[in-house]
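What you see is a predicted model; the values in this text were computed from it and never measured.
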Amino acid sequence: MTHFDSTKHGMLTLTSYSPSLMFSDTHFLVKPFFLRGLSGSLHSVLLLVLFVSCLCRKVKGGGFNSEGSKERFKSKWVLCYKQTLICCLGVSLFNLVLCLLSYFYWCRNGWSADKLVTLFDSVLKTLVWGAVCVYLHTQSSSSTELKLPFFLRVWWVLYLLVSCYCLVVDLILYKKHLSLPFQYLVSDLVSFFTGLFLCYAGFWGKNEGENTFLEEPLLNGNSSVRNGGIESSKPKGGDTVTPYSNAGILSILTFSWMRSVIAVGNRKTLDLEDVPQLDSSDSVVGVYPIFRNKLESYRCVGNRVTVIKLVKALIFSTWKGILWSGIFVLLNTLALYVGPILIDTFVKYLNGRQAFKNEGYVLVSAFFLAKLVECLSQRHWFFRAQLVGIKAQAVLIAMIYNKGLTLSCLSKQGQTSGEIINFMTVDAERIGEFSWHMHSPWMVILQVVLALLILYKNIGLASVASLVATVIVMLVNYPLGRMEESFQDRLMESKDKRMKATSEVLRNMRILKLQGWEMKFLSKIIDHRTVEAGWLKKYVYTWAMTMFVYWVSPTFVSVVTFGACMLLGIPLESGKILSALATFRILQEPIYNLPETVSMIVQSKVSLDRIASFLSLDDLQLDVIERLPRGSSDTDVEIVDGNFSWDPFSSNPTLKDINLKVLHGMRVAVCGTVGSGKSSLLSCILGEVTKLSGTLRVCGSTAYVAQSPWIQSGKIEENIIFGNQMDRERYEGVLEACSLKKDLEILSFGDQTVIGERGINMSGGQKQRIQIARALYQGIARALYQGSDIYLFDDPFSAVDAHTGSHLFKEVLLGQLSSKTVIYVTHQVEFLPAADLILVMKNGRIVQAGKYDDILNSGTDFMELVGAHNKTLSALDSIEAGSVSETGISKEDRHAGSTDEVIKKEEKKDVQTGKVGDVSGSKGQLVQEEEREKGRVGFSVYWKYITAAYGGALVPFILLAQIFFEILQIGSNYWMAWATPVSEDVKPAVGGITLIIVYVALAIGSSLCILVRATLLATAGYKTATLLFHKLHLAIFRAPMSFFDSTPSGRILNRASTDQSAVDMSIPSQIGIFAFSMIQLLGIIAVMSQVAWQVFIVFIPVIAVSVWYQQYYTPAAQELSRLVGICKAPVIQHFAETISGAATIRSFDQESRFQDTNMKLIDGYCRPKFNIVGAMEWLCFRLDMLSAITFAFSLVFLISIPKGIIDPAIAGLAVTYGLNLNMLQAWVIWILSNLDNKIISVERILQYTCIPSEPPLVIEENRPERSWPSHGEVDIRDLQVRYAPHMPLVLRGLTCTFPGGLKTGIVGRTGSGKSTLIQALFRIVDPAAGQIVIDGINISSIGLHDLRSRLSIIPQDPTMFEGTVRSNLDPLEEYPDEKIWEALDKCQLGDEVRRKEGKLDSAVTENGENWSMGQRQLVCLGRVLLKKSKVLVLDEATASVDTATDNLIQQTLRQHFSDCTVITIAHRITSVIDSDMVLLLSNGLIEEYDTPMRLLDNKSSSFAQLVAEYSARSSSSFDKFSDK
């Protein structure tokens, strides 16, 4: 007790001295010098320990990159780790603030040794606690310890003891009423409580690792931990709704709801499943019905959709977002003008004219509060406006899609799929982007009015001159806006034409490569681009002039205003000048925004006009069909006096005087010559053709199989069940009936095989059988509910081989559909007797109708068809009869062993290469997920872009022009601030005339710089866009066919459309704005550093934190941008598929399902877009806050400096520039982030410029002679072919020779490799092994163009291009009209073309849709007749024509290609039976190869069995199966 009492007495004695004595040398231990010095020393030691610890870890190679251990550390100490980190960061920031406040205060009131040590202590604390934060963060990446580091915990104990000691001293001194700086007490209190918490965290923190599921990483898939039988799992982002939908007010204000997505993006590469779903009120599913209903209600007034109606419906469906964004715009505009209003008062305050006590702090508070309001309102204005844009774009895409489903045929002919894709990709997006500018018209007026009021307050009547100057600038912008509108309109038209041509070329790339025409069609697309580039050039230079006006306008307005002040004798004071300059800077925005707004209004109006015109197109007639309820009539289809036409304005109807009655359960066959109207009759029953007169009644539902197979991208199973529920038993029955089981066994993934775009990896027969299976399954599925009553088959049997055709007819038409109404078009006469009713068509009329035997002798038309068929049968019989005596070609000439030898060889090869089905995993699929770059956009992308034009030579000049502009701008403002007096009683430094002359000279100089800069930037941007376009398209056109097989055209179109548009219009200005903003920012820093370099104490850490935020944000933002590009392609692809298969979709009543799918795809596209917007505003909000703090500190510093140290006018100039500091600093980071997102378009284009190219078109040193091939012998040696490295072999070692000048027929089951062999011959696919030699030359050793131009082919899918008859027959323009007419006559089309008004210039629509399938096939025949090559390939060349026309074609070929090597793939045995040689393929192997005679001699041969089956089928004609 005695000892305690004596200690207590000593302490009281120690603190009982007067303030002057308290800090004397006697009591050193309580002096601030000792206390703060001790604290600083301890912090210095900790900093040294942290540095050594990190160094040791680096030397040991520990690194900081262990993701798994990071998760483990955080999971074990998740609670204390986060709170410890936050506590350390808080202490660092607190000491930073304390340091700055102390510095400003003591600058004004004098320094001492104690104050210097205290300031040094605060600086060290700021640094050390910041370093502890970094250390903890890196420690969490590598440590596997369950405790916080030992030395940290020891130091926190010391820190608590020192803090406790300091606090006790403070309290005792305070209790004794001794002098004590307040900041000491606050600092020691904070230190004490943080020390307590850190000691608790270090020694007794709660360990959560033992009972938390966070121990397993949640981001590596679906993670779950079973605890006591209970499974815990965390849903992925894609399964949850965005946190925005239920966020609190504070979270919404600060955009904290975005944190989770950004955090995930910072830890791993974001995938679509990591992105949350949109809330129903923001998704197209929720918004579209409102928009549609409103638009429909407006359409009731007038049937046409007008721009006004469209705009009203858009406003109504997004009115909440528009209203909220309008409120934020108003707040933002008002907050913007607080700065200019207060600057004059602030300058006066700095000059010593103080209106009241603490006026400086009130001014600083007002500036800061205005900045906060400006920041919050701007961020939420941008967010809400963009949300409105996303919704508008989504509903317009949905509307365009739904319209595409209902377009009439005539309307569709006027609007190609390429143009409609542009409506979706360009026009809808542009209208969405207009949301940025929707408030600009009234905002401009408000800003101008406020600016004029401020100017009137400062300079009186001279503000009228400002108004006049502003009006003049706006009037100058008007013609520029009009020119932009005109050029934009023309630019869009030319882009439409280019996209239309590109879309058509991509669809038909296979035929272009087979014919060697791809470079000719590339030149056509480049011609379209040349026209487009002409308008683009005019547009970008007009934009350059607009930019020039934008940058010059503040200078022009200020020159006019100050000149007016001089003329009117209004005294110019620096405060008023600076207020006016700040006002002009803000006025620059509405002046600039006006032309941009006019431009956007113009662009949006053009887009709205185009969309409104499209939505006003005629739909399919709803009254074409009178639909009767199922079971209400025995008659399923009835047409009375029907006249129908694809073109309702044509004088010659497509179908004339049609009278037809089909009873329930009837089988009706439709036959006739090419172009007689068979397919049109089926389309008319579906309601696809415009009804001119008559009556059409249909009772029940329909199922339709089109002549051109329509297959969706996706799995085979999905194509068959077509949206219905899976019934496995019925599904297996359908596969069996359609002969698909064997095909599925061959495929690696069976019915889970992904079909490429337009069924690219399926043979024609497989596609057709999938179509039939779809119709069959659809009928079965409907039977469970209502029944599918009428089946319409448009010649589906022509694409399959004889055996399969027989099987399909028996199992499907005569089997599963025996009790249904079936109407089938066919060219195969053997399928006719089974019909209850046969319709013979000619020139659009039904010329004969009845049963087979009844009409056989009643007219010539049917007799011609049957006679042609009988003629081929008699030829077949004669060949079979003569086969015994026929010796054929000698074995030596055939270069082929016996069938047994070949099969043994192939079986051996099969064992070596492995079975077809060996490939497993998703990589075996043909169509892979779209590749995307990952991580940050590399600097190389930027470098390639900026150096593309002239090697980057223009870039230095552009930057120099901007630097000089900035210098001259600052110089002119500095001149005005320096040369004008601070107040009226101060004499001006220079005369008024000198003042204005120097200012005008500087203004003219800066204007010239900006003109040079704008022009050079436009030139560089235009040149770069042109170069990238050519590189992209050359790479695409030179890509191998495998690229097009595995790449949906939507991906390519996305790059040619959206990404190219970004390169054309957006990216040059974005890069320019970023560079110029950086230069401006450096200019502002230079100006502020003239006044107060101390502001860098805050500015540098703020910039560092800003960069850290930007780095933290960028990974998520870039992946989201990439996801936008990837998610857009499926929308385009789905739409393109829907347009081409609209008739099929409608026939199955599947419109609503496809509309729902489209909406899901649109929402999938909008999800990353929505999150990009949220992430951008999350970043900008934080940057704005940091900038506002920087600005506030600079103001506090200015009011803290003793008067007379700096010139008030120059200080005011610094504030004028500082007003823009926060906006510009945030703008630089924002534009950099936005540029990072936009530059992905360049990255995506560059990605496609690196596609592996096909072999050279021409190899100069190895060109064949002009006469090659002279003989036409094709020698195939051990040929192995696969379509992609990850796919199985399709041809597995073929060896045979096709003799020159002879005809070789290739037959085999569908999918046996017939078409693949032909592709190998044309080097569409290069062999994996082996070779093909033609007349002694290995075709792999010569150029592709030399090879393909010397061969001819009539492909399986007849293709015609939009243009004229002449351009379709002779795309390379090599032949005179006489030769073309001669070819047309030879292919039986001469008379048809002569009947057309335009003759050879008659129009051919997209895909040749105004020509029948058979006519298109004949056009393909005409092409080869013109070319007359030594080697001719016929790939199912007569599949789409009737037997009579087939006979004529065969006769024509025999006549004109008698000395040529003709290789024929055919399903009709009659097409190959007269061949010199027959090759029979099976599963990629040669099963048989010999003369037809020898093969027929061997009755056990597969070919003999095929012929026997065909003969039996043709003679029996399925009559015996037709009994019901």
- Item | Derivation of the side-chain contact (heavy atoms from CB on, under 4.5 Å) call for Ser1061 and Lys495 | CA-CA 9 Å; Ser1061 285; Lys495 190 186 289 290; 3.1 Å; yes
- Taking it one step at a time, do Leu1246 and Lys1031 satisfy side-chain contact (heavy atoms from CB on, under 4.5 Å)? CA-CA 8 Å; Leu1246 290 174; Lys1031 281 185 180 178; 5.8 Å; no
- Apply side-chain contact (heavy atoms from CB on, under 4.5 Å) to the pair Val1063 and Asp1059, showing each step before the final yes or no. CA-CA 6 Å; Val1063 171; Asp1059 293 326; 5.7 Å; no
- Query: Where do Met1065 and Tyr539 land on the side-chain contact (heavy atoms from CB on, under 4.5 Å) test, with the steps shown first?
  - Reply: CA-CA 9 Å; Met1065 318 274 275; Tyr539 178 84; 3.6 Å; yes
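Once rounded to the nearest 0.5 Å, the distance linking CG of Leu1123 with CD1 of Ile1172 reads 8.0 Å. Of the inter-residue distances, the one linking Ile963 atom CD1 with Ile958 atom CD1 reads 12.0 Å to the nearest 0.5 angstrom. Between the CD1 atom of Ile1010 and the CZ atom of Phe964 there is a distance of 13.5 Å, given to the nearest 0.5 Å. Here the OH-CG distance, from Tyr337 to Asn332, works out to 10.5 Å after rounding to the nearest 0.5 Å. For the atom pair CD of Glu1177 and CE of Met258, the computed distance is 10.5 Å after rounding to the nearest 0.5 Å. The line from OH of Tyr541 to OG1 of Thr1019 is 2.5 Å long, rounded to the nearest 0.5 Å.
For Ser1006, there are no side chain to side chain donor-acceptor pair (under 3.5 Å) partners, not counting sequence neighbours. The side chain to side chain donor-acceptor pair (under 3.5 Å) check on Trp442 picks up His439, with sequence neighbours excluded. Under the side chain to side chain donor-acceptor pair (under 3.5 Å) criterion, Ser466 pairs with Thr561, not counting sequence neighbours. By the salt bridge (Lys or Arg N to Asp or Glu O under 4.0 Å) test, Lys1169 pairs with no residue at all, sequence neighbours left out. Residues satisfying the side chain to side chain donor-acceptor pair (under 3.5 Å) test with Asp427, not counting sequence neighbours, are Ser607, Arg610.
For residues 961-972, the set of pairs meeting the side-chain hydrogen bond (donor to acceptor under 3.5 Å, both in side chains) definition, not counting sequence neighbours, comprises Thr555-Gln969, Gln962-Arg1013.
Heavy atoms of other residues, nucleotides or ligands lying less than 6.0 angstrom from CH2 of Trp324 number 12 at most. More than 12 non-hydrogen atoms from other residues, nucleotides or ligands lie less than 6.0 angstrom from CZ of Phe368.
The closest side-chain heavy-atom distance from Phe255 to Cys1180 is not below 4.5 Å. Looking at heavy atoms from C-beta onward, Tyr974 lies out of side-chain contact with Leu1002 at the 4.5 angstrom threshold. Using a 4.5 Å cut-off on side-chain heavy atoms (C-beta onward), Leu954 and Lys1023 make no contact. Using a 4.5 Å heavy-atom cutoff, the side chains of Met443 and Leu330 are not in contact. For the pair Gln447 and Leu336, the minimum side-chain heavy-atom distance is below 4.5 Å. Thr333 is listed as a side-chain neighbour of Val329, based on a closest heavy-atom distance under 4.5 Å. Counting only heavy atoms from C-beta outward, the side chains of Pro1068 and Tyr945 approach each other to under 4.5 Å. By the 4.5 Å heavy-atom criterion applied to side chains, Phe548 and Val552 are counted as neighbours.
Nearest heavy atom pair, residue Arg1244 against residue Arg1055, reads O-NE, 3.1 Å. In plain terms, the two heavy atoms of Leu1028 and Ile1245 that are nearest each other are O-CG2, 4.2 Å. In terms of heavy atoms, Ser325 sits closest to Ala385 at CB-N, 4.1 Å. Here the shortest heavy-atom pairing between Cys375 and Met1185 reads SG-CE, 3.3 Å. Pairing each heavy atom of Ile431 with each of Ser604, the nearest pair is CG1-O, 4.2 Å. Across all their heavy atoms, Leu253 and His380 have their closest contact at O-NE2, 3.0 Å.
For the pair Ser486 (side chain) and Met483 (backbone), a donor-acceptor distance under 3.5 Å is absent. Ser1069 places a side-chain N or O within 3.5 Å of a backbone atom of Ser1066 that can act as its donor or acceptor partner. Of the possible donor and acceptor atoms, one in the side chain of Asn1171 sits under 3.5 Å from a partner among the backbone N and O of Arg1167. Looking only at distances, no side-chain donor or acceptor of Tyr1109 sits under 3.5 Å from a matching main-chain atom of Trp1178.
Annotation: Trp1108 is in aromatic contact with Tyr1112 [ring centroid separation under 6.0 Å]. Checked against a 6.0 Å centroid threshold, the rings of Phe1076 and Phe965 do not count as neighbours.
Between Ser377 and the options Leu331, Leu334, Leu372, a side chain to side chain contact (heavy atoms under 4.5 Å, CB included) holds for only Leu331. When Lys537, Arg498, Lys538, Arg490 are each tested for a salt bridge (charged side-chain N to carboxylate O under 4.0 Å, His left out) with Glu532, only one passes: Arg498.
With a 6.0 Å cutoff to the six-membered ring centre and a 45° limit on the axis angle, Arg379 does not count as a cation-pi contact of Phe1181.
Using a cut-off of 4.0 Å between Lys/Arg side-chain N and Asp/Glu carboxylate O, Lys371 and Glu374 are scored as salt-bridged.
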